[in-house]
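Here's the structure, in structure tokens; my notes come after.
Just so it is clear: chains get the letters A, B, ... in the order the sequence lines come, proteins before strands, and each one is counted from 1.
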Protein chains: 2
Amino acid sequence: MTNQPIQLDDVFHALGDPTRRAVLERLSKKPAPVSELAALFDMALPSFMQHLNVLEECGLARSSKAGRVRTYQLEPKALRAAEQWMAKHRAIWEVRLNQLDDYLNKMKETDR
Amino acid sequence: MTNQPIQLDDVFHALGDPTRRAVLERLSKKPAPVSELAALFDMALPSFMQHLNVLEECGLARSSKAGRVRTYQLEPKALRAAEQWMAKHRAIWEVRLNQLDDYLNKMKETDR
DNA sequence: CATATAGTTAGGCCTATGACTAACCAACCC
DNA sequence: GGGTTGGTTAGTCATAGGCCTAACTATATG
């Protein structure tokens with residue numbers, strides 16, 4: 001059982017690539033085998049596999065093999081960790097977002 | 001006015017470094033000049049400045065210079081973009097998180 | 001004006017990342 | 001058994017990332 005503590009570094013790093021985010025979006029619908037996922041991207045298989053490995057190693061996805069088919073699915077724990085980091089700071093952000101809203105509203109008024 | 005569309009790639013990439021997250025956490029309290037931020041890290045100034053540049057370029061922070069002092073502050077827009085990406089997929093995650101909870105609860109029961 | 005302070009620029013260095021091809025293993029399936 | 005399909009491993013390559021030192025610019029301040 002790979003039960004390492006979740007490394008935010010790795011999770012955010014993984015999210016920093018559009019291919020990997022797209023894979024996650026696809027997986028958020030339902031699990032899928034490698035070939036089906038790979039078909040969505042114009043990339044050599046081994047290159048694509050690396051992305052899958054990144055997702056799995058940082059805990060965003062999980063896979064299991066049946067016969068010769070490996071199926072990937074989302075793994076919520078890492079996402080949860082990333083969310084928690086954001087949530088931890090959300091209160092402060094929201095103050096600032098509200099300030100932004102106020103500002104934008106003021107702009108709107110000034111605008112007419 | 002640098003008003004580029006926010007690149008999720010860059011925002012998540014920026015969040016993938018512990019130094020940069022720590023800077024954001026510090027900035028979430030209040031704006032601070034370079035020297036004050038730099039003092040928190042055991043790193044040569046130019047190296048640290050690169051992190052500040054990354055934060056500014058991806059839109060997570062903003063800076064302005066008064067005299068010889070450059071002050072940094074949070075910039076909500078990029079954070080909002082990252083949050084929106086997460087929010088867009090949150091519903092699905094939460095289903096899965098609930099499934100996880102169910103699973104864990106089942107485990108607990110089996111456990112006694 | 002001389003010196004200290006706050007940042008900045010330039011350049012080098014090493015590792016990590018992301019992509020590729022080629023060759024390989026392991027099921028399936030006729 | 002032999003070919004086909006699905007995935008994996010190995011090895012290469014170029015670029016980007018993160019760190020450093022040294023040298024520089026621009027503002028204070030005595």
Side-chain angles (χ1 to χ4, degrees), chain A residues 2 4 7-27 30-73 75 78 82, chain B residues 2 4 7-27 30-73 75 78 82:
Chain A
T2 45
Q4 306 165 327
Q7 297 295 340
L8 274 187
D9 287 15
D10 297 337
V11 173
F12 280 122
H13 169 249
L15 292 173
D17 181 282
T19 299
R20 291 192 289 259
R21 283 200 309 282
V23 169
L24 291 177
E25 292 183 23
R26 168 61 192 77
L27 287 181
K30 60 172 181 174
V34 171
S35 52
E36 190 181 324
L37 294 170
L40 302 171
F41 303 91
D42 180 21
M43 190 181 293
L45 229 205
S47 314
F48 182 68
M49 293 276 305
Q50 286 190 347
H51 288 299
L52 294 179
N53 286 334
V54 169
L55 289 174
E56 186 154 24
E57 270 163 32
C58 78
L60 281 167
R62 192 175 5 145
S63 76
S64 59
K65 204 167 180 177
R68 58 185 169 173
V69 175
R70 179 174 294 279
T71 301
Y72 277 85
Q73 61 185 293
E75 167 63 65
Chain B
T2 44
Q4 306 164 325
Q7 296 295 340
L8 272 187
D9 287 15
D10 297 337
V11 174
F12 280 123
H13 169 249
L15 291 174
D17 181 282
T19 300
R20 291 193 288 258
R21 283 200 308 282
V23 169
L24 291 178
E25 293 183 22
R26 167 62 191 78
L27 286 182
K30 60 173 181 173
V34 171
S35 52
E36 190 181 324
L37 294 171
L40 302 171
F41 302 91
D42 181 21
M43 191 182 292
L45 229 206
S47 314
F48 182 67
M49 293 276 306
Q50 286 190 345
H51 287 299
L52 294 180
N53 285 335
V54 169
L55 289 174
E56 186 154 25
E57 269 162 33
C58 78
L60 281 166
R62 191 176 4 146
S63 76
S64 59
K65 202 167 181 178
R68 59 186 167 173
V69 175
R70 179 174 294 278
T71 300
Y72 276 85
Q73 62 186 292
E75 167 63 65

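Listed for the R26(B) side chain is no donor-acceptor partner under 3.5 Å among the backbone atoms of E36(B). At distances below 3.5 Å, not a single donor-acceptor pair connects side-chain atoms of R20(A) with backbone N or O atoms of L15(A).
None of D10(A), V54(A), L24(A) except one satisfies the side chain to side chain contact (heavy atoms under 4.5 Å, CB included) rule with L60(A); the exception is L24(A). The residue from T71(B), V69(B), L45(B) that alone fulfils the side chain to side chain contact (heavy atoms under 4.5 Å, CB included) condition with V34(B) is L45(B). Tested against H51(B), the residues V23(B), D17(B), L37(B) include a single side chain to side chain contact (heavy atoms under 4.5 Å, CB included) partner, D17(B).
Near DNA chain C, meaning a heavy atom under 4.0 Å from it, residues 42-55 of chain B has L45(B), P46(B), M49(B) in order of number. For the segment residues 15-26 of chain A, the set of residues with a heavy atom within less than 4.0 Å of an atom of DNA chain D is empty.
Distance check, rounded to the nearest 0.5 Å: NE2 of H13(B) to NE2 of H13(A) gives 7.0 Å. Going from atom CG of L40(B) over to atom OG of S35(B) covers 10.0 Å, rounded to the nearest 0.5 Å.
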Pairs: protein N or O with nucleotides 25-28 of chain D N or O, under 3.5 Å:
| residue | atom | partner | partner atom | Å |
| --- | --- | --- | --- | --- |
| dT27(D) | O2 | R68(B) | NH1 | 2.9 |

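Residues A78(A) and C58(A) come closest through the heavy atom pair CB-O, 3.5 Å. For the residue pair G16(A) and R21(A), the shortest heavy atom distance occurs at C-NH1, 3.8 Å. Minimum interatomic distance between S63(A) and R70(A) (heavy atoms only, all atoms of both residues): OG-NH1, 2.8 Å.
Following rounding to the nearest Å, L37(A) (CG) and dG7(D) (C1') show an atom-to-atom distance of 13 Å.
Regarding contacts with the backbone of dG7(C), a side-chain N or O of S35(B) is found under 4.0 angstrom from either OP1 or OP2.
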